[in-house]
Amino acid sequence: MMISLKFLLCCLLVSSCAYATIVSHDGRAITIDGHRRVLLSGSIHYPRSTTEMWPDLIKKGKEGGLDAIETYVFWNAHEPTRRQYDFSGNLDLIRFLKTIQDEGMYGVLRIGPYVCAEWNYGGFPVWLHNMPGMEFRTTNTAFMNEMQNFTTMIVEMVKKEKLFASQGGPIILAQIENEYGNVIGSYGEAGKAYIKWCANMANSLDVGIPWIMCQQDDAPQPMLNTCNGYYCDNFTPNNPNTPKMWTENWTGWYKNWGGKDPHRTTEDVAFAVARFFQRGGTFQNYYMYHGGTNFDRTAGGPYITTTYDYDAPLDEFGNLNQPKYGHLKQLHDVLHAMEKTLTYGNISTVDFGNLVTATVYKTEEGSSCFIGNVNETSDAKINFQGTFYDVPAWSVSILPDCKNETYNTAKINTQTSVMVKNANEAENEPSTLKWSWRPENIDNVLLKGKGESTMRQLFDQKVVSNDESDYLWYMTTVNLKEQDPVWGKNMSLRINSTAHVLHAFVNGQHIGNYRAENGKFHYVFEQDAKFNPGANVITLLSITVGLPNYGAFFENVPAGITGPVFIIGRNGDETVVKDLSTHKWSYKTGLSGFENQLFSSESPSTWSGESVPFNRTMTWYKTTFKAPLGSEPVVVDLLGLGKGTAWINGNNIGRYWPAFLAEIDGCSAECNYRGAYYAEKCQTNCGEPTQRWYHVPRSFLNSDGDNTLVLFEEIGGNPSLVNFQTIGVGNVCANVYEKNVLELSCNGKPISSIKFASFGNPGGNCGSFEKGTCEASNDAAAILTQECVGKEKCSIDVSEKKFGAAECGGLAKRLAVEAIC
Ligand code: GAL
């Protein structure tokens with residue numbers, strides 16, 4: 001009510017109010033222009049794709065049955081230096097929001113500005129950490145000023161473009177903070193005061209639409225507290241006037257270096273959504289709907305991979321992840337068709353025992369029903385209002401008219417697409433790119449201990465380098481005499497380190513490197529070293545692989561060589577330790593090749609095509625290639641390389657690390673959708689490079705002419721296997737129950753043949769289908785060949801009418817198909 005009054009007031013002042021949309025809410029739902037809505041939404045983060053990809057991604061969201069697109073706003077990307085802003089390229093937030101508007105969709109703007117999101121430092125700029133007296137996410141004046149400054153600026157930008165619904169724009173909801181409730185306990189009373197301040201600050205910005213706070217049980221009114229997680233059907237908001245809303249339904253999970261590929265089944269995602277709506281939910285958002293790519297140094301961490309595919313309904317490259325996309329689209333259509341009864345109906349439930357319940361939504365005009373079976377093992381056969389229904393374990397059936405089941409979350413009637421990679425046909429010999437190389441120049445300066453600044457202390461990497469680079473050199477010179485107590489036969493260097501990756505050099509010799517195990521970023525590195533009487537130069541290179549993004553006080557987790565650093569001398573039983581921590585340390589941020597922009601196509605530096613070295617640390621490689629033909633997404637296979645960064649025509653496509661293999665154990669070929677999902681369930685890719693393929697957006701490529709790939713290889717690798725490929729649908733499969741319509745599509749390519757088809761009770765899975773014990777009289781393969789081959793898509797009525805009678809003894813009949821694209 002408050003909001004509409006406020007709106008009316010602002011309506012008098014704003015000229016465009018004729019087109020304004022009143023977004024309000026009551027205990028049941030978000031209402032738009034007075035109508036309660038069922039809202040389905042999906043997260044797409046604008047910087048995780050390119051501007052050229054946005055229209056297609058958003059359109060696919062709409063076609064997938066979404067009403068809204070949700071995005072965070074990424075503070076550190078927009079304000080890389082204090083009060084210097086960047087909204088260019090894929091950071092063009094306004095353009096992204098306008099693309100949503102052009103598609104006729106709503107937007108949900110999660111300003112944060114803390115976002116978590118597996119994004120570097122959770123979206124906080126590192127300069128913020130380095131401001132005097134700074135404490136994050138609490139009642140700290142310096143922090144609150146900066147947060148308010150950024151939040152206000154974003155709100156003003158959006159207002160200026162009239163993008164809030166109250167101004168006639170697409171944005172219906174805005175978010176302040178993010179999951180603070182998960183950590184508030186660590187901040188004591190100040191935390192409670194901070195969240196009140198956040199609410200007041202947000203409220204004072206007069207956006208004319210509701211504000212949400214996710215995972216915030218004590219969200220002060222009028223903030224709407226919402227739920228995040230794999231399941232939110234049990235969630236109850238903290239105020240009877242707040243509708244039950246779900247801001248993050250995790251469609252899969254993210255990947256770490258050394259981690260496996262997570263998969264969340266389609267059946268389980270659909271089950272979670274249907275349960276939520278069965279139990280009174282009205283707004284649901286997929287996190288992620290399109291995950292995309294952590295280009296450049298945007299990955300959070302430590303150790304978040306470059307790919308942020310997330311097993312989302314749209315894959316990293318923007319292709320439909322089938323059957324997830326299609327099965328959810330059907331669910332959205334069913335839920336939308338029930339909007340009236342779901343949002344206005346009286347709710348009653350019938351308990352059948354054994355975790356089976358039916359929920360009836362009833363209005364004067366009609367009713368809609370759900371039958372949920374939360375039992376993890378037993379399928380249910382129940383008599384509901386005089387009709388028998390089979391409800392598989394861990395599934396929900398939806399009966400829009402309370403009679404006919406039109407959807408069951410565990411019965412997938414959408415195609416499965418098997419994606420394949422194809423060689424680059426624009427190259428004659430795609431696997432033999434011609435390479436030239438250059439060494440990273442470290443010998444003359446760094447290994448001699450000469451940096452940019454000196455301090456008698458070991459500092460956190462964030463403090464020294466402001467996170468302008470992954471690389472920070474720590475150097476010191478130690479004078480040793482043979483008479484020194486530490487002088488001994490066996491000498492070593494011992495480093496207490498929080499560098500994610502460390503390289504150590506003594507007197508120009510690389511004595512070793514270390515890669516922290518994920519989760520164990522505080523370790524002691526010790527290596528034998530040869531010291532000389534006189535001056536000895538110790539050069540340590542600390543490397544970060546994404547700054548932390550989650551947890552109370554994550555901003556203070558140390559990174560770099562925080563010390564102490566010792567020289568250890570041993571003579572027989574005696575061990576002498578010399579502490580170098582308060583020595584004069586010289587610092588240098590970055591690498592010279594980055595400074596000299598060796599990655600830029602225009603770089604004038606000389607490269608050598610002679611004796612291109614393999615397995616050489618700190619080495620730059622360069623090659624040219626032709627863009628793959630066609631329009632399918634492009635990836636570069638970096639198998640054989642170690643760790644580093646890759647650029648295409650000067651665009652940083654992210655950190656690569658194929659040498660980091662995924663854990664060997666814990667993968668499963670079979671994946672049971674029944675039972676609660678957790679990130680370690682249903683993983684694949686054990687023992688393989690964590691990430692081998694890297695997305696090269698088409699807009700980074702020249703379609704005619706040469707393209708340049710530059711690699712900076714840090715630990716040593718072999719580029720001879722590197723090659724470009726395209727990704728497309730290889731074949732499609734389906735296993736559809738009768739009385740459904742099957743849509744087959746090769747994503748814009750013609751269907752070239754039907755490999756298998758049978759209507760009856762076929763067995764097996766995609767790639768291994770076989771005929772069952774009963775089969776319809778007509779030749780299913782011939783029918784499909786006639787109706788589908790040569791076409792980009794076809795629709796098949798799965799029925800006896802089409803395929804002929806099949807005597808399957810009362811079993812529900814299915815059509816199994818495998819088609820080649
Ligand atoms: C949530 C957070 C998101 C994202 C997600 C995991 O806790 O709000 O930003 O980090 O976890 O992918």
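Quantities reported herein were computed from a predicted structural model and do not represent experimental measurements. As the structure lists them, so they are numbered: ligands from 1, and atoms in each ligand from 1.
Using a 4.0 Å cut-off between charged side-chain N and carboxylate O, D309 and K255 make no salt bridge.
Legend: residues meeting side chain to side chain contact (heavy atoms under 4.5 Å, CB included) with T266, ordered by chain and number and at least two apart, are P323, K324, H327, I412. Considering only residues two or more places apart in sequence or on other chains, R95 meets the salt bridge (charged side-chain N to carboxylate O under 4.0 Å, His left out) condition with none of them. Every residue meeting the side chain to side chain contact (heavy atoms under 4.5 Å, CB included) condition with T298, not counting sequence neighbours, appears here in chain and number order: W119, N294.
In this model, C686 has its SG atom within less than 2.5 Å of the SG atom of C667.
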Which pairs of nitrogen or oxygen atoms, taken one from ligand 1 and one from the protein, are under 3.5 angstrom apart?
{"residue": "ligand 1", "atom": "7 (O)", "partner": "E179", "partner atom": "OE1", "Å": "2.3"}
{"residue": "ligand 1", "atom": "7 (O)", "partner": "E179", "partner atom": "OE2", "Å": "2.8"}
{"residue": "ligand 1", "atom": "8 (O)", "partner": "Y72", "partner atom": "OH", "Å": "3.2"}
{"residue": "ligand 1", "atom": "8 (O)", "partner": "N178", "partner atom": "ND2", "Å": "3.0"}
{"residue": "ligand 1", "atom": "8 (O)", "partner": "E179", "partner atom": "OE1", "Å": "3.3"}
{"residue": "ligand 1", "atom": "8 (O)", "partner": "E179", "partner atom": "OE2", "Å": "3.4"}
{"residue": "ligand 1", "atom": "8 (O)", "partner": "E248", "partner atom": "OE1", "Å": "3.3"}
{"residue": "ligand 1", "atom": "8 (O)", "partner": "E248", "partner atom": "OE2", "Å": "2.8"}
{"residue": "ligand 1", "atom": "9 (O)", "partner": "Y72", "partner atom": "OH", "Å": "2.7"}
{"residue": "ligand 1", "atom": "9 (O)", "partner": "V115", "partner atom": "O", "Å": "2.9"}
{"residue": "ligand 1", "atom": "9 (O)", "partner": "A117", "partner atom": "N", "Å": "2.8"}
{"residue": "ligand 1", "atom": "10 (O)", "partner": "A117", "partner atom": "N", "Å": "3.1"}
{"residue": "ligand 1", "atom": "10 (O)", "partner": "E118", "partner atom": "OE1", "Å": "3.4"}
{"residue": "ligand 1", "atom": "10 (O)", "partner": "E118", "partner atom": "OE2", "Å": "2.6"}
{"residue": "ligand 1", "atom": "12 (O)", "partner": "E118", "partner atom": "OE1", "Å": "2.6"}
{"residue": "ligand 1", "atom": "12 (O)", "partner": "E118", "partner atom": "OE2", "Å": "3.4"}
{"residue": "ligand 1", "atom": "12 (O)", "partner": "Y310", "partner atom": "OH", "Å": "2.5"}

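Taking both residues in full, the closest heavy atoms of T151 and P113 are given as OG1-CD, 3.7 Å, listed atom of the first, atom of the second, then distance.
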